[in-house]
Amino acid sequence: MTDKGEGSRSSKRVQLFTESVIREMTRLADECGAINLAQGMPDFEAPSRVKAAATKAIMEDLNQYETTWGSAGLREAIAEKALRFNRIQANPETDVTVTCGSTEAMTVSIIATVDVGGEVIIPEPFYENYVPATIIAGAKPRHVKLSEEGQSFDEEELKAAFSSRTKAIIVNTPNNPSGKVLNKDELKLVADLCADYDAIAITDEIYEHIIYDGRKHISLASLDGMSDRTITISGLSKTYSVTGWRVGYAIAAKEITNAIRKVHDYTTVCAPTPFQKAGIEALKLPQSHYTRLAKEYQRRRDFVVKSLQNIGFRAASPEGAYYVLADFSSISAMDDTSFARNLTKNAKVAAVPGSSFYAHREMGRSKVRFSFAKRDQTLREAMNRLNRFAAKLRS
Ligand code: GLN
C-alpha cells in the first residue's frame, strides 16, 4: 500500500497528537534487547490465587460477553473495596462501570461528561494518555504546573486556570511520573474550586496501593460534597501486577455512570469475562498482599533512587507509584529524546524521555523516567549498565 503521509486521510483531531512515547520506547527496547524500564509493567509474577481464578474461568468456558458495565460479582467487590479502602459509598447497581483498563475508563469518562470545546485541566507533569483522551473527546486541555518543590499545586495558578469554560480536572494521585501523593489540603483546594465552578473531577488512582513511608492514600470523592461530582478511576493492573489483563473501573454517581456506560458499551462492549472473574478473587486477597506490595516497592524505590544518585542523576525519592523522574544534566548535555534513545541502544536500558510528561516540553528536556516495577536482579543489572554508560559518557 502507498503511504501518503498523515495529513491526507486522518482526521484533524487525530493529527493533534502523536503516538505514545511510552509504548514507542517499549518497541525500541524490544528491538534492541534492552531492559525495559520505560513502560511501567512488572516482570514478576501475579498472585497465584488470582491467576488460578482466570484459568478456571476459561476452562469453565466463560468465554462470552459479560454484562456491558461489568459482572454483578465484580461490581459488588469493587463497591465493597471502595467503601472499605477509599471511603466512597457506591451502589454496585448504578455507580460502578467495569472497563478495559483504567485507560478506557479515563477516555470514556471525558467523552461522557465534557462537551466539544469544553476545557479539561491537566496538571503537569502528567501521564501522557490524558492529553490524547481529551482531544479525542473534542475537548481542550488546559495545563497547570505542579510546583517543582514537592510537586504540589501552585494555588494561584490553579485558581487562575478555572473559569466558566472548565468542565473537568484530572487528578492523578499518586502521580505518574513524579510520585507526588496529594494530601488532604491539596485535595480540598481542588474540591473547593470544582464546587465554585461547577466542574467535575476525574481521578486516576491506579497507584493507590503503591505508596511509601507510611503515607495514606486519600480519594477526592471521599471529601465533603465531592461524591456527586467525582469520577474515581482505578483498576487491577498495578495492584495485582496484571497490566495486560485490561480490567479497570470508574465509580461515579448514577447520572454520570449512565453516560459513562453508554460510551463504554459502544466503544468496547465489555472487559474480558475471565479476567473479571479473576478480579473478584483479587479483591478478596488479605491485607498482607497490600502491605507486602508497598513494602517491596519501597525497597526497590530506595535501591533505584540511591543507585541513580550515585551514578550522577538528580532524582527525588517518589512518595508513591513506581517511577523515578531523573535529571541527567550532570551526565550528558543531550536532550531527553537523544539521551533516552542512546541509553536504550547503547546501555541497553530503556527509559521514557521526560518531555512526554509536559505540555511545556522544555521542562522535561534534561529528564528521563525510569520504572522500578522489576525484580531485584533486573534492577541491579540495569543500574550496573547505567553506571558503565555514564562513566563512558563522562570519560
Ligand atoms: N502507566 C504505564 C506507564 O506510564 C503504562 C500504561 C500503558 O502503557 N497503558 O508506563
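Side chains included, hydrogens not; waters and symmetry mates left out as well; all remaining heavy atoms used. Order of appearance sets the numbers: ligands from 1, and atoms from 1 within every ligand.
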Exercise for the section: Taking atom types as modelled, find out whether Thr291 and Gln287 have a side-chain donor-acceptor pair closer than 3.5 angstrom. Expected result: yes
Practice task
Classify the side-chain pair Asn183/Arg215 by whether it contains a donor and acceptor separated by less than 3.5 Å.
Solution key: no
Practice task
Scan for ring pair (Phe, Tyr, Trp, His ring centres under 6.0 Å) pairs involving residues 294-326, sequence neighbours excluded, and state none if there are none.
Solution key: Tyr207-Tyr322, Tyr207-Tyr323, Tyr297-Tyr322, Phe313-Phe370
Enumerate, atom names and distances included, each donor-acceptor pair closer than 3.5 Å involving a side-chain atom of residues 101-110, sequence neighbours excluded.
residue : atom : partner : partner atom : Å
Glu104  : OE1  : Cys100  : N            : 2.7
Glu104  : OE1  : His264  : ND1          : 3.2
Glu104  : OE1  : Thr268  : OG1          : 3.4
Glu104  : OE2  : His264  : ND1          : 2.9
Glu104  : OE2  : Thr268  : OG1          : 3.0
Thr107  : OG1  : Thr103  : O            : 3.2
Ser109  : OG   : Ala105  : O            : 2.6

Problem - Flag, side chain of Thr68 to backbone of Val269, donor-acceptor distance under 3.5 Å - result: yes
Ligand 1: protein N/O within less than 3.5 Å of ligand N/O:
residue  : atom   : partner : partner atom : Å
ligand 1 : 1 (N)  : Tyr207  : OH           : 3.4
ligand 1 : 1 (N)  : Lys238  : NZ           : 3.2
ligand 1 : 4 (O)  : Asn176  : ND2          : 2.9
ligand 1 : 4 (O)  : Tyr323  : OH           : 3.3
ligand 1 : 4 (O)  : Arg369  : NH1          : 2.9
ligand 1 : 4 (O)  : Arg369  : NH2          : 3.3
ligand 1 : 8 (O)  : Arg23   : NH1          : 2.8
ligand 1 : 8 (O)  : Gln39   : NE2          : 2.7
ligand 1 : 9 (N)  : Tyr127  : OH           : 3.4
ligand 1 : 10 (O) : Gly40   : N            : 2.7
ligand 1 : 10 (O) : Arg369  : NH2          : 2.7

Identify every side-chain donor-acceptor pair in residues 275-283 under 3.5 Å, counting partners at least two apart or on other chains, and give the distances.
residue : atom : partner : partner atom : Å
Gln276  : OE1  : Ser71   : N            : 2.9
Gln276  : NE2  : Ala271  : O            : 2.9

